[in-house]
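To start, the structure itself, in structure tokens.
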Amino acid sequence: VQLQAYGGGLVQAGGSLRLSCAASGRTLSSYIMAWFRQAPGKERELVAVISRIGGSAFYADSVKGRFTISRDNAKSTVDLQMNSLKPEDTAVYYCAADSGPWSRQATTYDYWGDGTQVTVSS
């Protein structure tokens with residue numbers, strides 16, 4: 001599966017952005033989908049994960065209550081709605097697909113999209 005993330009940009013603290021990940025190739029419902037992010041000088045970290053049919057989701061503590069992950073398997077898209085953004089949310093955001101069991105580890109994800117930059121100004 002090929003993944004393309006878009007929707008990043010520059011926003012002021014407290015603002016919102018919606019990231020989207022478009023998938024092509026194999027049926028999206030075959031994959032656990034996740035968003036990761038990587039800030040300069042830091043390791044890539046998990047932001048949110050969603051199950052194959054969207055019934056379950058997991059969020060990092062740092063984004064819980066502010067971000068929402070969703071998916072539309074018919075449209076082959078996975079979105080990340082980001083509200084109440086903070087400067088510490090500044091990072092390159094990546095969508096990823098995992099054909100295996102539920103996972104929060106980046107090393108298990110098989111496919112990655114190009115990142116999209118999110119910059120939150122204070």
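Throughout, residue positions are numbered sequentially from 1 according to the sequence presented.
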### Message
Determine whether Asp72 and Thr77 satisfy the following criterion, side-chain hydrogen bond (donor to acceptor under 3.5 Å, both in side chains), listing intermediate values before the conclusion.
### Response
CA-CA 5 Å; Asp72 186 333; Thr77 57; 5.1 Å; no
## Note on the structure
For Arg18 and Ser70, the nearest pair of non-hydrogen atoms, with its separation, is NH2-OG, 3.8 Å
### Query
Taking only residues two or more places apart in sequence, or in another chain, which ones meet Ser29 in a side-chain contact (heavy atoms from CB on, under 4.5 Å)?
Thr27, Asn73
### Message
Which Ile, Leu, Val, Met, Phe, Trp or Tyr residues join Val63 in one cluster when any pair of side-chain heavy atoms under 4.5 Å counts as a link?
### Response
Val1, Leu3, Val11, Leu17, Leu19, Leu28, Tyr31, Met33, Trp35, Val47, Ile50, Tyr59, Phe67, Ile69, Val78, Leu80, Met82, Leu85, Tyr93, Tyr111, Val118, Val120
### Message
Once salt bridge (Lys or Arg N to Asp or Glu O under 4.0 Å) is applied, what residue pairs with a partner in residues 36-50 remain, sequence neighbours excluded?
### Response
Arg37-Glu45, Arg37-Asp89
### Message
If the condition is side chain to side chain donor-acceptor pair (under 3.5 Å), which residues does Ser20 pass it with, not counting sequence neighbours?
### Response
Asp79
### Residue pairs, two or more places apart or on separate chains, that pass disulfide bond (SG atoms under 2.5 Å apart) and touch residues 46-115
Cys21-Cys95
### Query
Of all residues at least two apart in sequence or in a different chain, which pass the side chain to side chain donor-acceptor pair (under 3.5 Å) check with Ser24?
Gln2
### With sequence neighbours excluded, residues passing side chain to side chain donor-acceptor pair (under 3.5 Å) with Thr108
Asp98, Ser103
### Summary
Residues passing the ring pair (Phe, Tyr, Trp, His ring centres under 6.0 Å) test with Trp102, sequence neighbours excluded, are none
#### Entry: Minimum-distance pair of heavy atoms, taken over all atoms of Ile32 and Ser51
CD1-CA, 4.0 Å
### Task
Tell me, please, which residues at least two apart from Arg26 pass salt bridge (Lys or Arg N to Asp or Glu O under 4.0 Å).
none
### Task
Write out all pairs satisfying disulfide bond (SG atoms under 2.5 Å apart) with one or both partners inside residues 49-81, taking only residues at least two apart or from two chains.
none
### Whether Phe36 and Tyr109 hold their rings parallel, tilted or perpendicular, with breakpoints at 30° and 60°
perpendicular
#### Entry: Residue pairs passing the side-chain hydrogen bond (donor to acceptor under 3.5 Å, both in side chains) test where at least one lies in residues 3-17, sequence neighbours excluded
Ser16-Asn83
## Note on the structure
Closest heavy-atom pair, Ala91 versus Ala39, reported as atoms and distance to 0.1 Å, is CB-N, 3.8 Å
### Task
Just jot down the side chain to side chain donor-acceptor pair (under 3.5 Å) partners of Gln117, sequence neighbours excluded, or say none.
Thr119
#### Entry: Non-hydrogen atoms of Tyr94 and Gly113 that approach each other most closely
CD2-O, 3.4 Å
